[in-house]
Peer 1: 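If you scroll down you'll find the structure; I have some questions about it.
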Amino acid sequence: MRQIQSGPVLNVRAIGGLHVVTLAWDFAEAAMNKRDGLLGFAIERVEFKNGQAVERYFLRGIKRFKFKDEGLAPGTPVPTSEHPVQSFQWGDYTAKPATTYEFTVIPCYGKPKLMTLDRASATTVRITTEVEEGGRDADETAHDIYFNRGVAGSQAFARKFGDVELEEDNPQSEPMVWLSRGLFEALTAFIGKAAQEDAADYKLRAMLYEFRYLPVGRAFKAAADAGADVDIRYEAQSYEDDNEAMIKKARIGKICTPQRSRAGIRHNKFIVLIHKDVPIAVWTGSTNISAGGIFGHSNVGHIIWDNSIAASFLRYWERLADPDVKAAALKASNLDEEATPARNSRPPSNRVLTLYSPRDNKGDEQTLQWYADLVADARQMACMTFAFNLDPFFEDALFAGENVLRYALFDKNPGKQVEDEVFQKRTTVIAPGAILKPGDFEFFLGENLTGFNKNLYIHDKFILLDPLSDDPVVVTGTANFSKPSQTANDENMLVIRGNTRVADIYFGEFMRVFDHLYARYIVKKLKGEHRQDPDSGFLKENTKDWVPAHFRDGPKSLRRLLFLGTPPSPH
């Protein structure tokens, strides 16, 4: 849900996902003089239940003035009414699904220890976050979307749990529940729909790459024991030993079959739910069935309740399960199911595309080129995740055009050449994975990761094209936007156009992880170049040290305009 509220001084926009509300604001044209002496913005949140306010408080952050509230323990959150936000964008990452909130953005003036909250210039916006389940009874396709936290290396985790030793096979423990944030629970609940009293009416068909998390194996066993028809195909090359050790421990060997080896890898992670021989839903997304996939690096599970899409996935499953399938025939069948869109074309707005791999020929990666065209042709903004390499297709696309803001999340630093292009382009912003180490900042805690996974930070595979427009495009699935993902691997990708609910959820989660990693990346970069300013972790005491950057050419100015929905003026 999106909502914008205009005021005589501030215009404020709220974009509500499930667990995230992204806020953006800017001064009205007639109130630009209100920038003078600005210290930042306080943000007050009110939560409502049945139309009545049940909570009211100022949102909190970690960044503070250097000589105010000294002596607090590192990592202590401080209210924005005392240590204001020095930006024109903020994210509330403590929101709950299906909940109504009011956010009041209040300009702050004066000095850190003699600060005035200018409530007369404030603007309040009301918004209701999305429901977790996207509407079972609706005629149109329904989407349930679950992102894990993906930020074990965070101030919140360090503050809440300290240097805890995680119990990998205990998903009910408090730290694991916090890390999952509903992803594990949604996955096992989806499988559990086939473990009901009428289980004999249900079937589950799964294609899984990493299949080594025992609690999920046991969920499949419960469905089979209840009488459901369960058939699981697993990767028996890259993760053969780990997968088969879990299968043996879960005692589900009778319902599991190794996938036939061909070129590439069997990289799918999808489950089709079938009721009375009618495919009704599919679980897909980037999440491997492993502790790292569910609780470690950033991932999404995406359920689509649509009979035709579920049937398409079932046909794909049957092609992959055929022991005699040949790569050429599989590729041809995948293209028959969904042809690759023409270059520089937008996806259809009346249906979801299902792009199955393998589908392209080496040296003629039409699908990969089409994805890159989408990024290059963005009209306002593009967001993209890179769990592994940055293919040249996308390196060019990330730096195309003018007055378009492009964000890229990386698990690892893409290298100096890309960083140099970012510096020169000024409209592309990157955030490789990083954590804060003890001593990086005086008032910040040191952070640790789970240690569950090889990808430490990012494992998502999605593109958001103009996500804040009325006609957004979301590309999501299992493929890593690499040549092998289109020419050799087994993959599935969805292309969803015009669904603002899906776009708002994905956008909020993207910005949550991006903002989290960007600050840590900058710290790491400056430290590596011996340019670290010991005061960079503190708020600025003078307006001139932070406000001008948001009004001169560059990503901060573009963000200020585009997040609010104001197109930038042409040069």
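Numbers here simply count residues along the sequence, with the first being 1.
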Peer 1: With salt bridge (charged side-chain N to carboxylate O under 4.0 Å, His left out) as the rule and sequence neighbours excluded, what pairs involving residues 503-513 come up?
Peer 2: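 Of all non-adjacent pairs touching residues 503-513, those that pass salt bridge (charged side-chain N to carboxylate O under 4.0 Å, His left out) are R2-D504, R181-E509, E509-R512.
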Peer 1: Just to verify, what does H19 make a ring-ring contact (aromatic ring centres under 6.0 Å, His included) with, not counting sequence neighbours?
Peer 2: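 For H19 there are no ring-ring contact (aromatic ring centres under 6.0 Å, His included) partners, ignoring immediate neighbours.
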Peer 1: May I ask you to check whether F270 and W283 place their ring centres under 6.0 Å from each other?
Peer 2: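 Ring-ring flag for W283/F270: false, centres at least 6.0 Å apart.
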Peer 1: With sequence neighbours left out, what residues match E47 under side-chain hydrogen bond (donor to acceptor under 3.5 Å, both in side chains)?
Peer 2: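 Listed in chain order: K96.
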Peer 1: Restricting to side chain to side chain contact (heavy atoms under 4.5 Å, CB included), what partner residues turn up for D163, sequence neighbours left out?
Peer 2: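 If we apply the side chain to side chain contact (heavy atoms under 4.5 Å, CB included) test to D163, skipping adjacent residues, the hits are N448.
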Peer 1: Can you list the residues that meet the side-chain hydrogen bond (donor to acceptor under 3.5 Å, both in side chains) rule with R56, with sequence neighbours excluded?
Peer 2: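 With sequence neighbours excluded, R56 shows a side-chain hydrogen bond (donor to acceptor under 3.5 Å, both in side chains) to no residue whatsoever.
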Peer 1: Taking the six-membered ring for Trp, are the ring centroids of H550 and F88 within less than 6.0 Å of each other?
Peer 2: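 Yes - the distance between ring centres of H550 and F88 falls below the 6.0 Å cut-off.
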Peer 1: Is there a side-chain contact between D92 and V20, using heavy atoms and a 4.5 Å cut-off?
Peer 2: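 Side chain of D92 against side chain of V20, heavy atoms only: no contact under 4.5 Å found.
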Peer 1: Between N453 and H459, is there a side-chain donor-acceptor contact under 3.5 Å, judged purely by atom types and distance?
Peer 2: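 No - no donor-acceptor pair under 3.5 Å links their side chains.
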Peer 1: Quick one: side-chain hydrogen bond (donor to acceptor under 3.5 Å, both in side chains) partners of K416, sequence neighbours excluded?
Peer 2: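 side-chain hydrogen bond (donor to acceptor under 3.5 Å, both in side chains) list for K416, sorted by chain: D420.
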Peer 1: Output every pair passing salt bridge (charged side-chain N to carboxylate O under 4.0 Å, His left out) with a member in residues 422-432, not counting sequence neighbours, ordered by first then second residue.
Peer 2: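 Salt bridge (charged side-chain N to carboxylate O under 4.0 Å, His left out) check on residues 422-432 returns E402-K425.
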Peer 1: Might you work through the ring pair (Phe, Tyr, Trp, His ring centres under 6.0 Å) test for F65 and F538, ending with a clear yes or no?
Peer 2: CA-CA 5 Å; F65 291 113; F538 297 104; 9.6 Å; no
Peer 1: Compute whether any side-chain donor of one residue and acceptor of the other, for T76 and R159, lie under 3.5 angstrom apart.
Peer 2: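 Looking only at side-chain atoms, R159 and T76 do not form any donor-acceptor pair under 3.5 Å.
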Peer 1: Report yes if the side chains of F295 and L166 come closer than 4.5 Å at any heavy-atom pair, otherwise no.
Peer 2: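 No; the side chains remain at least 4.5 Å from each other.
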Peer 1: Please work out which of the three classes, parallel, tilted or perpendicular, describes the rings of F444 and F441, given edges at 30° and 60°.
Peer 2: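 Correct class here is tilted.
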Peer 1: Can you say whether the rings of F386 and F394 are parallel (under 30°), tilted (30 to 60°) or perpendicular (over 60°)?
Peer 2: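 Correct class here is perpendicular.
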Peer 1: If the condition is ring-ring contact (aromatic ring centres under 6.0 Å, His included), which residues does Y93 pass it with, not counting sequence neighbours?
Peer 2: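 ring-ring contact (aromatic ring centres under 6.0 Å, His included) check on Y93 returns nothing, list empty.
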Peer 1: Who passes side-chain hydrogen bond (donor to acceptor under 3.5 Å, both in side chains) against Q155, sequence neighbours left out?
Peer 2: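 Partners of Q155 by the side-chain hydrogen bond (donor to acceptor under 3.5 Å, both in side chains) criterion, ordered by chain and then number, come out as E447.
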Peer 1: Could you check if a side-chain atom of Y101 sits within less than 4.5 angstrom of a side-chain atom of T129, using non-hydrogen atoms only?
Peer 2: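 They are in side-chain contact.
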Peer 1: List the residues meeting ring-ring contact (aromatic ring centres under 6.0 Å, His included) with Y521, not counting sequence neighbours, and say none if there are none.
Peer 2: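 Partners of Y521 under the ring-ring contact (aromatic ring centres under 6.0 Å, His included) test: none.
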Peer 1: Compute the ring centroids of F462 and Y506, then answer whether they are less than 6.0 Å apart.
Peer 2: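 Under 6.0 Å, so yes.
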Peer 1: Can you pull out every side chain to side chain donor-acceptor pair (under 3.5 Å) where at least one residue sits in residues 211-220? Sequence neighbours excluded, please.
Peer 2: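 Listed by first then second residue: E210-R212.
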Peer 1: Run the side chain to side chain contact (heavy atoms under 4.5 Å, CB included) test against A24 and tell me which residues pass, sequence neighbours left out.
Peer 2: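 If we apply the side chain to side chain contact (heavy atoms under 4.5 Å, CB included) test to A24, skipping adjacent residues, the hits are F563.
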Peer 1: Quick one: does NZ or CZ of R35 land under 6.0 Å from the six-membered ring centre of F551, within 45 degrees of the ring axis?
Peer 2: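 Output yes; distance and angle both within limits.
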Peer 1: Relative to W25, does R13 satisfy both conditions: NZ or CZ under 6.0 angstrom from the six-membered ring centre, and within 45 degrees of the ring's axis?
Peer 2: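 Verdict for W25: no cation-pi partner in R13.
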Peer 1: Let's go through Y239 and F211 carefully: what are the C-alpha distance in whole Å and the side-chain angles of both, what is the deciding distance for ring pair (Phe, Tyr, Trp, His ring centres under 6.0 Å) to 0.1 Å, and is it a yes or a no?
Peer 2: CA-CA 8 Å; Y239 289 93; F211 183 43; over 10 Å; no
